[in-house]
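Notes follow the structure.
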Amino acid sequence: MLITGLIIGCLLIGLVIGYVVRQHQHRQELLAVQKQARDIIASATAETQQKIAKLTADSRRETLTYQQSVKDELAEQTSDIAVREQRRQQREQLLGQMGVRLADQTAMLDERSQANRDQRQKIRDLKAQALQLRTDRDETLAQQAGIDEQAAKDHVLADTELDLKRDRDVEIKALNDNAVANAERWAKDVVLSATESGPQDLPKEHLEHTVTVPNGEIRSKIIGRDGQHIRLLETLTGTDLIFVPDDNTTLFISTHDPIRREVARVALTNLVASRRISSNQIETQVENAQRDVNHSLWETGEQTVSGLHVGWMHPDLMKLIGRLKYRTSYGQNVLLHSIEVAQLTGAMAARLGYNTRLARRAGLLHDLGKAIDHEVEGTHVEIGTEFAQKYGEDDVVINAIAAHHGDVEKTSPLAELVAAADAISGARPGARSESVEDYINRLRALEKIANDQSGVAESYAIQAGRELRIIVKPQELDDTAAANLTQEVAQQIESTLTYPGKIKVTTIRKSTAVEYVGDEKKKKSKKKKKKKKKAANA
């Protein structure tokens, strides 16, 4: 127990001693912290006083600077105001001087205006006097001459017009005489130069009417069982397919339509090349051939129009031009003939100073109707004219198409050139396969049919046999008989002759009476009197 008490006592004493030591330490630390705080406050106070002093000095310096700048600005403004005041005074002086000058100028203008008014009044008075003098002069001249002013003017104008008319007639007569004397030579020069330099030689294409079948197997496939395939081909293409009797490898395509012939030829060629011939294959190849041929027509027309440089043209017209590739006239390819006519017309137009592009366009389209003359009613001239009008061609081109065979009157020089170029292209050696002898015999046959009729005076086959003109005797045939004669001749031509295209039969019945009056009659009477006198003297 004693030990325990000692231990507790020692613990209590230790606690008391520790508490006392701890309190002493706290006081020491508190004193140190207070001293540190006082040092910090003193340092902050000194720093604050320094900053206050600095700010005060800066403020005083800025205030002095601002005051100085304000003083300088006030001095500058005062100086500017003085300068402006001086300028204002100068401007006032200048405005005063300008006012004085303006007043002087106003007074001077008033004086000049009054002088001008006086001068105009004098001029009006002088004009009135001059007019009165002119009137008096005209009246005096009229009294002296015995004719009024208007009659004198008319007389002078009539004399002047008569003189000018005489001069004009003399000049026109000289020009006409010169033109008549040199027309043939000039025309030959133009035609020769155009023929030499105008048309370009183009390769002549031969249109195929047959297809070669390589062997009997392909021939049997084309014919099909009981002729089924060949009948289908004929139905789809609109042609007649005939194997040449002496040559089983040659298939002849018979039709009057060259486009159908070309479609059939292309389809058959493709079928022979593929060696697969069935009903479906035949229909497919015919459709492909029709599409290819139609595209070829448009492409040919486009190339032709582009090559001749005739300007923009409607696609339908270009397609019709392409159809001319498969059309022939007397053995001459119509497309090549049209290109040649266009080149000749353009060359002649260039030498005569006309529009060459319009000339080539008219030459290219002159036989446009031949592309579909077997499908549409009418002559190729009528069909071509109708299509040219439909697609808005120039009136000069339309007239050239309508008049190139003399059916209507030519209204422009280009129509004459187209007709001349058409004749040159068709008449050149080798252009047409028909011989000269056959051509002459055909024309003579036409004229013979007309001449064998009673009441016919003369007959002429013109336009390469496309028209027959009959001149009847008006004393023997009346109008009704002439009409019947025309019908009879047309029926005989249709029944007895073979002819391409259409032939126009025209009957002319004309009665003319001539009697001379004037100098010719007097001369005849004088001659009769002289003869009577000679007879009496004899």
Separation of [Y] [atom2] from [X] [atom1] (nearest 0.5 Å):
X	Y	atom1	atom2	value
I230	L241	CD1	CG	5.0 Å
E393	H314	CD	NE2	10.5 Å
T356	L414	OG1	CG	10.0 Å
D240	I253	CG	CD1	11.0 Å
L251	I218	CG	CD1	12.5 Å
E283	S278	CD	OG	9.0 Å

Side chain proximity check, [X] to [Y], heavy atoms < 4.5 angstrom:
X	Y	answer
I282	T284	no
D394	I398	no
I222	H229	no
T237	R260	no
T506	K504	yes
I508	I470	no
S454	E476	no
L352	P413	no

Next item on the list: State whether the number of non-hydrogen atoms from other residues, nucleotides or ligands found under 6.0 Å of K319 atom NZ is greater than 12.
Entry: no
Next item on the list: Would you indicate whether E386, at its atom CD, is surrounded by more than 12 heavy atoms from other residues, nucleotides or ligands within a distance under 6.0 Å?
Entry: no
Next item on the list: Determine, step by step, whether R166 and D169 satisfy the salt bridge (Lys or Arg N to Asp or Glu O under 4.0 Å) criterion, reporting the C-alpha distance in whole Å, the side-chain angles of both residues, the deciding distance to 0.1 Å, and the verdict.
Entry: CA-CA 5 Å; R166 288 173 179 171; D169 292 342; over 6 Å; no
Next item on the list: Dump the intermediate steps for salt bridge (Lys or Arg N to Asp or Glu O under 4.0 Å) on R261 and D257, then the final yes or no.
Entry: CA-CA 6 Å; R261 182 188 300 114; D257 191 334; over 6 Å; no
Which atoms form the tightest heavy-atom contact between [X] and [Y], and what is the distance?
X	Y	result
G238	T255	O-OG1, 3.8 Å
V263	Q290	CG1-CG, 3.5 Å
S412	N399	N-OD1, 4.0 Å
A402	V381	O-CG1, 3.4 Å
V305	M313	CG2-SD, 3.8 Å
H404	A419	O-CB, 3.9 Å

Do we see a donor-acceptor contact under 3.5 Å between the side chains of [X] and [Y]?
X	Y	result
N294	R291	no
N451	S459	yes
Y460	E458	yes
T486	T507	yes

Sidechain-backbone polar pair: [X] side chain, [Y] backbone, donor-acceptor under 3.5 Å:
X	Y	value
Q285	L271	no
D478	A481	yes
S425	D422	no
N355	A349	no
R327	A371	no
T496	Q492	yes
S306	Q303	no
R231	I223	no
N270	V266	yes
N333	K325	yes

Next item on the list: Just do the side-chain contact (heavy atoms from CB on, under 4.5 Å) check on V310 and L358 with the steps written out, would you?
Entry: CA-CA 7 Å; V310 297; L358 198 62; over 6 Å; no
Next item on the list: Starting from the C-alpha separation in whole Å, work towards a yes-or-no answer on side-chain contact (heavy atoms from CB on, under 4.5 Å) for H309 and R360.
Entry: CA-CA 8 Å; H309 304 288; R360 289 194 297 269; 4.0 Å; yes
Check: Can a salt bridge be assigned to the pair E262 and R265 using a cut-off of 4.0 Å between side-chain N and carboxylate O?
Finding: yes
Item checked: Residues K448, D452: salt bridge by 4.0 Å N-O rule -> yes
Next item on the list: Please assess S254 against T239 for the test side-chain contact (heavy atoms from CB on, under 4.5 Å), listing each intermediate value before the final yes or no.
Entry: CA-CA 6 Å; S254 175; T239 61; over 6 Å; no
Notebook entry, point to check: With a distance cut-off below 6.0 Å to the six-membered ring centre and an angular limit of 45° from the axis, does R219 pair with F243 as a cation-pi contact?
Noted result: yes
Checklist line | Ring centers of H380, H366 separated by less than 6.0 Å | finding: no
